[in-house]
Structure formats: C-alpha cells, structure tokens
Enquirer: 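Before I ask anything, let me first share the structure, which is written out below as structure tokens.
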Amino acid sequence: MMENKILKARGANGPAAEGYALVCPNSIQGWSALEMDTGVIIEKGHLYEGESVKGKILVVPCSRGSLGWSDYFFACHLHGVGPMGYVFKKMDSKCATTVALADVPCVADFGPDCDPCEEIKTGDYIRIDGDKGTVEILKSVE
C-alpha cells in the first residue's frame, strides 16, 4: 500500500486542504458538462458522469473546452458545491481564473516526470498545500 508519497509542483493558491481525490485524466468539459447548482458531472460518456465534484479535490490535466470552463466551475463554488481544492498537471488561464475567484487551495505545473493524473487515484485521501506546492498521498485506495 502506497502511503505518504509526496509529489512536488508549484503552489498556485494556499493554504492547504485534505480530502478525497477525484481524478479525471481527460478533465471535464466546461460548457454544459457540470450542473452548477449540484456539482454533478453531466457530460455524456464521462468516466464520472453522475458523480459530484462537491467537497472533492479535483485532479485534472488542465481545463477542457471553451472559456465557459471557469464560469461553470466558479458557479459551483458560488452554489457551495465546488471542489475543495484543485491539482492541475498544467495551469492554464481558465484554471487560474477559477482558483483565484473561488480562493481554494491549488497545486499545479508538475514537471515532465510527474503526472498527478497517474500518480493519484480516485478515492485516495490526499493533502494539497498550495503554499508549499506539495501533494501528499496520505491514504491510497490500493
């Protein structure tokens, strides 16, 4: 069982948060793929269609789709159903907008030898520290 593995990247927004990871290797489409008032993924065919992002630490490579991505994710935060934090393989402007407006912890911009979407599994209990730029796998589902 893998426990207390630490991944290092760039701290994008602090402080820290602990919770269960929801890992979406293909991200989540922004426009009309997320119910803003429930946080439920409604993107047809998505790996986690029907699951909620509420209270999870969302692990994605980056945003996906139109500029509506930041609108939909920030609206989830306004409705109290957004993720408690974010881990992005690569930060882009849509991700940064969401994190800045929602003011939640975020770790981003991992090096070429570390893909958080492969290192972290859905259901892992993780701690992200947006000040230090670390992701610690506290309890693995494996």
Side-chain angles (χ1 to χ4, degrees), residues 1-43 46-142:
M1 179 186 306
M2 177 181 58
E3 293 183 22
N4 292 30
K5 181 174 185 175
I6 298 176
L7 310 176
K8 184 75 176 133
R10 180 177 65 81
N13 199 51
E18 284 185 19
Y20 290 99
L22 180 64
V23 181
C24 299
N26 294 320
S27 195
I28 302 170
Q29 182 179 314
W31 192 257
S32 70
L34 200 58
E35 288 182 343
M36 295 182 287
D37 57 345
T38 65
V40 171
I41 299 167
I42 57 173
E43 179 180 341
H46 191 278
L47 178 63
Y48 293 108
E49 182 179 356
E51 297 284 326
S52 178
V53 298
K54 179 182 179 180
K56 305 282 188 343
I57 297 177
L58 188 61
V59 181
V60 295
C62 58
S63 66
R64 192 174 108 226
S66 72
L67 293 175
W69 198 92
S70 54
D71 292 338
Y72 272 78
F73 278 85
F74 180 55
C76 286
H77 288 281
L78 290 176
H79 286 100
V81 296
M84 67 168 37
Y86 294 90
V87 175
F88 297 116
K89 166 74 173 152
K90 187 74 177 160
M91 178 75 81
D92 60 33
S93 61
K94 295 174 272 186
C95 299
T97 300
T98 301
V99 169
L101 292 173
D103 195 23
V104 293
C106 178
V107 176
D109 296 333
F110 290 77
D113 297 334
C114 182
D115 184 345
C117 293
E118 293 178 6
E119 298 286 335
I120 304 166
K121 306 294 181 225
T122 293
D124 284 354
Y125 190 80
I126 64 175
R127 180 177 197 273
I128 63 172
D129 190 320
D131 291 326
K132 295 179 183 175
T134 57
V135 177
E136 184 174 6
I137 301 170
L138 299 172
K139 183 76 172 164
S140 174
V141 294
E142 294 180 352

Enquirer: Find the distance between NZ (Lys90) and CG (Asp92) and round it off to the nearest 0.5 Å.
Expert: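 Reported value, rounded in 0.5 Å steps: 9.5 Å.
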Enquirer: How long is the span from the CD1 atom in Ile41 to the CD atom in Gln29, to the nearest 0.5 Å?
Expert: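 Ile41 CD1 to Gln29 CD: 12.0 Å, rounded to 0.5 Å.
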Enquirer: For residues 10-23, tabulate all N or O donor-acceptor pairs below 3.5 Å that involve a side-chain atom, not counting sequence neighbours.
Expert:
from, atom 1, to, atom 2, distance (Å)
Arg10, NE, Asp109, OD2, 2.9
Arg10, NH2, Asp109, OD2, 2.8
Asn13, ND2, Asp103, OD1, 3.1
Asn13, ND2, Val104, O, 2.9
Glu18, OE1, Tyr125, OH, 3.2

Enquirer: Search all heavy atoms of His46 against all heavy atoms of Ile28 and return the closest pair with its distance.
Expert: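 Taking every non-hydrogen atom into account, NE2-CG1, 3.6 Å.
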Enquirer: How close do Ile128 and Cys106 get, heavy atom to heavy atom, and via which atoms?
Expert: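 In terms of heavy atoms, the two residues are closest at CD1-N, 4.3 Å.
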Enquirer: Go through the structure and list residues passing side-chain hydrogen bond (donor to acceptor under 3.5 Å, both in side chains) with His77, not counting sequence neighbours.
Expert: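 Scan of His77 (side-chain hydrogen bond (donor to acceptor under 3.5 Å, both in side chains), adjacent residues dropped) gives Tyr86.
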Enquirer: Only counting residues at least two apart or in another chain, list the ones meeting side-chain hydrogen bond (donor to acceptor under 3.5 Å, both in side chains) with Thr38.
Expert: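 With sequence neighbours excluded, Thr38 shows a side-chain hydrogen bond (donor to acceptor under 3.5 Å, both in side chains) to Glu35, given in chain and number order.
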Enquirer: Evaluate the side-chain proximity of Ile120 to Leu7: yes if any heavy-atom separation is below 4.5 Å, no if none is.
Expert: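 Leu7 reaches Ile120 side chain to side chain.
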Enquirer: Enter the distance from Lys121:NZ to Ile126:CD1 here, rounded to the nearest 0.5 Å.
Expert: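 If I round to the nearest 0.5 Å, the distance is 12.5 Å.
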Enquirer: Please find the pair of heavy atoms, one from Gly80 and one from Lys54, that lie closest to each other, and give the distance.
Expert: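 Gly80 and Lys54 have their closest heavy atoms at O-CE, 3.7 Å.
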Enquirer: Side-chain contact test, heavy atoms from C-beta onward, threshold under 4.5 Å: evaluate it for Leu34 versus Met36 and give yes or no.
Expert: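 SC-SC contact between Leu34 and Met36 ruled out.
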Enquirer: Just to verify, what does Lys89 make a side chain to side chain contact (heavy atoms under 4.5 Å, CB included) with, not counting sequence neighbours?
Expert: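 If we apply the side chain to side chain contact (heavy atoms under 4.5 Å, CB included) test to Lys89, skipping adjacent residues, the hits are Pro61, Phe110, Asp115, Pro116.
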Enquirer: Might you point out which heavy atoms bring Trp69 and Ser63 nearest each other, and give the distance in Å?
Expert: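 Shortest heavy-atom contact: CD2-CB, 3.4 Å.
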Enquirer: Quick one: does any side-chain atom of Ser27 pair with a main-chain N or O of Val60 as donor and acceptor, under 3.5 Å?
Expert: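 No: the side chain of Ser27 does not pair with the backbone of Val60.
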Enquirer: Which residues pass the side-chain hydrogen bond (donor to acceptor under 3.5 Å, both in side chains) test with Glu43, sequence neighbours left out?
Expert: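 Arg64.
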Enquirer: Could you pull out all residues at least two apart from Arg127 that satisfy side-chain hydrogen bond (donor to acceptor under 3.5 Å, both in side chains)?
Expert: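 Arg127: no side-chain hydrogen bond (donor to acceptor under 3.5 Å, both in side chains) contacts found.
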Enquirer: If you compare all heavy atoms of Ile6 against all heavy atoms of Glu136, which two are closest, and at what distance to 0.1 Å?
Expert: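 Distance-wise, the nearest heavy atoms are CG1-CG, 3.9 Å.
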Enquirer: So, do Thr97 and Phe74 sit near enough that their side-chain heavy atoms are less than 4.5 Å apart?
Expert: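 No, too far: nothing below the 4.5 Å cut-off.
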Enquirer: Measure across Met91 and Ala96 and return the closest heavy-atom pair with its distance rounded to 0.1 Å.
Expert: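 Between these two residues, the closest heavy atoms are SD-N, 3.4 Å.
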Enquirer: In Å and rounded to the nearest 0.5 Å, what is the OH to CG distance from Tyr48 to Leu58?
Expert: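 So the gap between those two atoms works out to 11.0 Å.
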